[in-house]
Amino acid sequence: MKITHLWALEVLDSRGNPTVRAFLELANGARVSASVPSGASTGVHEAHELRDGDTTRYNGKGVLKAVEHVNTVLAELVVGRDASDQQTIDSDMIALDGTQHLSRLGANALLAVSMVVARAGAVAEHTSLYRYLAHLADRPTNSFTLPTPMMNVLNGGKHAAGASDFQEYMIVPVGATSMIERVRWGSELFHALGKILADEGFQTTVGDEGGYAPSLHSNTAPLDYALRAITAAGYTPGTDIALALDTAASEFYVNDVYTLSTDGTEYSPQELTDWYARLLEKYPIISLEDGHAQDDWAGFQDEIKTFGSRVNIVGDDLFVTNPKRIQTGIEMGAANALLVKPNQIGTLTQTLEAIKIARGSDYTLVVSHRSGETADTFIADLAVGVGAEYIKTGSLSRSERVEKYNRLLEIERELARF
Ligand code: PGA
Ligand code: ZN
């Protein structure tokens with residue numbers, strides 16, 4: 001079905017910073033929208049998020065230029081095309097931009113259009129977004145599995161000032177067999193954790209991704225609190241609920257040294273691997289994301305050699321959802337799992353290509369939100385559509401996080417009915 005209108009607006013994300021929301025109208029009058037998220041611990045190799053730099057508005061963070069690009073050159077390119085034309089629309093937008101990191105038109109402009117075209121494609125086909133995304137990804141559209149969430153219940157790093165150096169302490173309800181149960185277990189644990197922290201006099205205010213952000217004065221104490229909360233909520237650590245970490249190590253790495261100021265320690269890349277190995281012995285951790293810095297390929301190789309057979313070694317800043325970097329990682333044996341963030345690369349088609357390459361080498365998939373989110377639940381459908389084993393979409397609080405869980409509940413219900 002023909003696309004008749006395309007336009008965009010500057011709206012706010014969950015941190016109150018501007019972001020791009022695109023709208024699209026089809027020939028039958030149906031209207032859809034899509035909003036792009038924004039990171040804080042952004043990898044240096046990510047596609048370019050275009051901000052105005054005009055300090056008289058939003059401290060330079062406005063996105064009016066990106067919005068203008070949607071309203072003019074991208075609308076010119078897309079209006080009149082068929083909504084099912086995802087691949088060529090995406091590749092034509094990339095060609096029109098003409099830069100390596102989409103810095104001319106902005107990856108935020110391109111992704112907003114790419115997402116809204118996909119949503120329109122689903123509407124035109126009278127199908128659910130996850131089913132349509134499965135079709136775009138060349139996957140079966142008659143059998144789906146739902147991802148297990150990695151729920152970020154304790155926030156640190158760049159997402160919570162005054163907390164740990166590590167960015168994310170996640171709980172993973174591995175023993176729950178349905179989304180209804182996964183969400184309930186996560187919520188019960190989140191509240192049990194809040195009670196433990198409050199009883200001990202810690203702050204229970206939450207960080208950017210909805211997890212608690214107490215000053216526990218150590219990078220391992222949050223793991224202990226998470227374990228206690230699992231037990232307090234009536235679950236068994238490891239078999240019911242496991243743990244996962246995103247240390248976001250690029251943020252505490254300078255000149256080959258990893259500095260954990262909360263612990264007062266410094267590690268070489270090799271020493272850091274050894275320390276992680278000890279943590280993995282002590283805690284039921286099933287996944288370690290960005291355990292080394294974004295260009296420390298040797299550090300990641302070392303992780304694979306040391307504990308890659310029993311833990312997901314997830315590349316986020318390392319891969320930035322970029323097919324070329326994923327290919328390099330595969331050749332070097334530097335990870336075994338891919339974090340999927342569409343706004344790191346700029347279009348849906350490139351995201352699906354990244355996924356295809358990772359899957360070709362049996363990588364585990366973790367579809368992910370950003371720390372700056374909107375209420376858009378696109379990634380929930382994406383995770384189901386591509387058959388990701390995991391989804392990372394924050395804690396059990398804050399609507400921009402919880403709405404993704406709610407969307408997964410809707411999808412589970414829909415799949416049970418048909
Ligand atoms: P970001 O954090 O969105 O701030 O980059 C998320 C992550 O590192 O996984
Ligand atoms: Zn990360």
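Just follow the structure's listing: the first ligand is 1, and inside any ligand the first atom is 1. All of these numbers come straight from a predicted model, not from anything done at the bench.
Pocket lining of ligand 1, defined as residues with a non-hydrogen atom under 4.0 Å away: G39, A40, S41, H159, Q167, E168, E209, D246, E289, D316, L339, K341, R370, S371, K392.
Only protein atoms were considered; those of element N, O or S under 2.8 Å from the Zn ion (ligand 2) number 3.
Side-chain atoms of L64 and R57, non-hydrogen and from C-beta on, do get closer than 4.5 Å to each other.
When ring centroids are compared, Y253 and H292 stay outside the 6.0 Å threshold.
Results of the side-chain hydrogen bond (donor to acceptor under 3.5 Å, both in side chains) test with R370 over T393, T19, D208, N343 single out N343 as the only residue that passes.
In this structure, Y283 has no ring pair (Phe, Tyr, Trp, His ring centres under 6.0 Å) partners at least two apart in sequence or on a different chain.
Enclosure of atom CD in Q87 is not indicated, since only 12 or fewer non-hydrogen atoms of other residues, nucleotides or ligands lie within 6.0 angstrom.
Judged by the 6.0 Å and 45° rule, R310 forms no cation-pi pair with F307.
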>> Before you tell me yes or no, could you show the steps for Q350 and T347 under side chain to side chain donor-acceptor pair (under 3.5 Å), namely the whole-Å CA-CA distance, both residues' side-chain angles and the distance that decides it to 0.1 Å?
In response: CA-CA 5 Å; Q350 290 163 294; T347 63; 2.6 Å; yes

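Note on residues 87-102: pairs passing salt bridge (charged side-chain N to carboxylate O under 4.0 Å, His left out), not counting sequence neighbours, are R81-D92.
Side-chain contact check for E410 and N406: no donor-acceptor pair (N or O, by modelled atom type) lies under 3.5 Å.
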